[in-house]
Amino acid sequence: MNLERKTHRDGNLQPKAFNCLKLLNESFTYHKEHTQRHPFSIYSSSIQKVMESFNAVLNEMDQISTALFNADGNLDYPLKKLPGFQKELLHALQSHIDDCYCILKVIHPYDSKVQEKHSDRWLDKVGHPAYKIFRNAINDYRESFAPIVNKIKHNGSQLRPIMMYSRGRGIVVRTVETSIQTFPKNARIIGYFLEGMQPNGHIGPDCEIHPGGITAISLNRDLRYHFANLYRVGDHLRAAIATTVRHFHKIKLPRDVAVNDTASQYNTESIAERISKLPPLFFENEFSKQTPNIKFHRHNANADLILDVPGSRYMTWQGEVMIHSEIQVDAVCPFYQLPYK
């Protein structure tokens, strides 16, 4: 799937559903009967929370990437704040999908016979004309990270930070297609893993999330993945809105026109540009995974964002690296399995 947003054409770089909801005719929404906010208010607030969370993670990555090592050879900046920012991002992304279901709910006529708090279940019970198509289109993405969020919520699981880095010895990076070599300086791969109890009684990466209990997730790949899928969800939501309007009002939605988003435009452009420039350095278990390709171009007063989802394999690397992580000692179990050890 190739997705494009252009400020000169769309007025902003927000996902496609943004313009659609901003321009939605008042007669197509039943939010007052549902005692909910206007669907555009739901969406714009939800997107803002996600973007703020992306920004917080990117800022913390910048701090870690530029931190110096002290005389003892240790990083002179703690990693302990990173898991909190990443947890907030994952929560915001899951809440955003819930908000998308809520939007589909408020553009469906109110049904007093259906008393269901969860929007997705309500949609299913009333037989919403776009619910199953939308759910099936985005469920693979939701299920790729929802287990992490649920384990944090319900099992008390914790995210832990990890960083691979090369100190002077260097690593060799090769593109997958052409095997062109590059030698990045001061290479640092920042990531995280979900901590859990392993079958052998050790504490370490949760085996249900991390195969073999010895891997982690790099933010260089993870932020690309979530950012691109945020736009994929927005594209499918726009299609679901069109289906709903056509079903109930027998009207085909007109082509979206430009909508200027002056309140949050700078943040969106900045985040898109920063994610597009993240180094293509991933953990070794991610070499074979498809990674979204994100391109950002700025020309004069305009900006273009081009996303290719699910993308392709990027690069591999080899060389000597060191692993830095911060964990909390368990009061009972003395055994800890670090990723890649």
Side-chain angles (χ1 to χ4, degrees), residues 57 61 64-65 79 82-83 85-87 89-90 93 140-152 157-167 169-184 187-200 202-229 275 278-294 308-327 335-341:
V57 174
M61 288 179 69
I64 297 170
S65 296
L79 303 183
L82 178 65
F85 292 130
Q86 181 62 19
K87 182 175 73 171
L89 174 58
L90 295 177
L93 288 164
D140 62 325
Y141 169 59
R142 185 185 184 279
E143 291 306 308
S144 70
F145 71 95
I148 298 177
V149 177
N150 292 335
K151 280 176 176 282
I152 293 172
S157 299
Q158 300 288 327
L159 295 183
R160 298 298 183 195
I162 183 173
M163 181 179 74
M164 282 188 181
Y165 62 98
S166 172
R167 296 186 59 198
R169 298 176 180 85
I171 63 174
V172 181
V173 178
R174 291 183 175 84
T175 57
V176 171
E177 293 184 356
T178 61
S179 292
I180 295 176
Q181 297 183 5
T182 57
F183 305 88
R188 301 184 189 186
I189 309 174
I190 303 163
Y192 67 97
F193 61 94
L194 184 74
E195 185 181 78
M197 181 63 71
Q198 299 188 342
N200 60 4
H202 295 186
I203 296 175
D206 189 302
C207 293
E208 293 182 3
I209 304 298
H210 308 283
I214 55 171
T215 62
I217 300 169
S218 71
L219 287 172
N220 287 338
R221 182 182 185 274
D222 205 44
L223 294 190
R224 282 184 171 92
Y225 175 75
H226 288 301
F227 190 73
N229 276 284
I275 291 177
L278 288 173
L281 295 173
F282 313 141
F283 292 142
E284 58 185 294
N285 55 292
E286 299 170 323
F287 290 168
S288 61
K289 293 182 178 181
Q290 291 177 296
T291 300
N293 188 22
I294 300 174
D308 177 30
V309 191
S312 59
R313 293 189 298 140
Y314 266 57
M315 294 185 173
T316 63
W317 58 263
Q318 62 183 36
E320 186 175 345
V321 296
M322 301 183 73
I323 297 176
H324 178 75
S325 184
E326 294 179 8
I327 61 174
F335 304 107
Y336 202 99
Q337 171 67 55
L338 282 173
Y340 308 108
K341 294 290 285 185

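Proximity of a side-chain donor or acceptor of Arg188 to a complementary backbone N or O of Ser65 within less than 3.5 Å is detected. Side-chain atoms of Glu143 do not come within 3.5 Å of backbone N or O of Pro147 as any donor-acceptor pair. Judged purely by atom type and a 3.5 angstrom limit, Gln318 has no side-chain atom pairing as donor or acceptor with the backbone of Val173.
At a threshold of 4.5 Å between non-hydrogen side-chain atoms, the residues Pro205 and Arg160 do not count as touching. For the pair Ile152 and Gln158, the minimum side-chain heavy-atom distance is 4.5 Å or more. Within the 4.5 Å cutoff, the side chain of Glu195 has no heavy atoms near those of the Leu159 side chain. With contacts defined as side-chain heavy-atom distances shorter than 4.5 Å, the pair Pro280/Met315 qualifies. No side-chain heavy atom of Phe282 sits less than 4.5 Å from a side-chain heavy atom of Trp317. Using a 4.5 Å cut-off on side-chain heavy atoms (C-beta onward), Ile214 and Pro339 make no contact. Arg142 is not listed as a side-chain neighbour of Leu93, based on a closest heavy-atom distance of 4.5 Å or more. Counting heavy atoms from C-beta on, the side chains of Tyr141 and Val309 never come closer than 4.5 Å.
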task: Please lay out, stage by stage, how Ile189 and Met163 fare under the test side-chain contact (heavy atoms from CB on, under 4.5 Å).
output: CA-CA 5 Å; Ile189 309 174; Met163 181 179 74; over 6 Å; no
- prompt: Passes side-chain contact (heavy atoms from CB on, under 4.5 Å), Met61 versus Leu219? Steps please.
  reply: CA-CA 9 Å; Met61 288 179 69; Leu219 287 172; 3.8 Å; yes
message: Apply side-chain contact (heavy atoms from CB on, under 4.5 Å) to residues Ile203 and Met197 and explain how you reach the verdict.
response: CA-CA 5 Å; Ile203 296 175; Met197 181 63 71; 3.9 Å; yes
message: Between Leu338 and Tyr336, is the side-chain contact (heavy atoms from CB on, under 4.5 Å) condition met? List the steps.
response: CA-CA 6 Å; Leu338 282 173; Tyr336 202 99; 4.0 Å; yes
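Distance CG/Asn285 to OG1/Thr215: 4.5 Å, rounded to 0.5 Å. Atom CD1 of Ile190 and atom CG of Leu79 lie 8.0 Å apart (nearest 0.5 Å). Note that CE of Met164 is 10.5 Å distant from OG of Ser325, once rounded to the nearest 0.5 Å. From Asn229, atom CG reaches atom OG of Ser144 across 6.5 Å, with rounding to the nearest 0.5 Å. The distance from atom CG of Leu82 to atom CD1 of Ile64, rounded to the nearest 0.5 Å, is 4.5 Å. In this structure, the separation between CG on Leu90 and CG on Asn150 is 11.0 Å, given to the nearest 0.5 Å.
The two residues Gln198 and Cys207 make their nearest non-hydrogen contact at CG-SG, 4.0 Å.
You'll find the ring centres of Tyr225 and Phe145 outside the 6.0 Å limit. Aromatic rings from Phe283 and Tyr340 are positioned such that their centres are separated by under 6.0 Å.
In this pair, Tyr165 and His324 present their aromatic rings perpendicular. The plane angle is above 60°, beyond the 30 to 60° band.
One finds no salt bridge joining Arg221 and Glu286 here, because no Lys/Arg side-chain nitrogen approaches an Asp/Glu carboxylate oxygen to under 4.0 Å.
Defined by atom type and a distance below 3.5 Å, a donor-acceptor pair is missing between the side-chain atoms of Tyr192 and Ser218. Using modelled atom types and a 3.5 Å distance limit, the side chains of Asp222 and Gln86 yield a donor-acceptor pair.
Surrounding NZ of Lys151 are more than 12 heavy atoms belonging to other residues, nucleotides or ligands, all under 6.0 Å away.
By the salt bridge (Lys or Arg N to Asp or Glu O under 4.0 Å) test, Glu326 pairs with no residue at all, sequence neighbours left out.
Judged by the 6.0 Å and 45° rule, Arg224 forms no cation-pi pair with Phe227.
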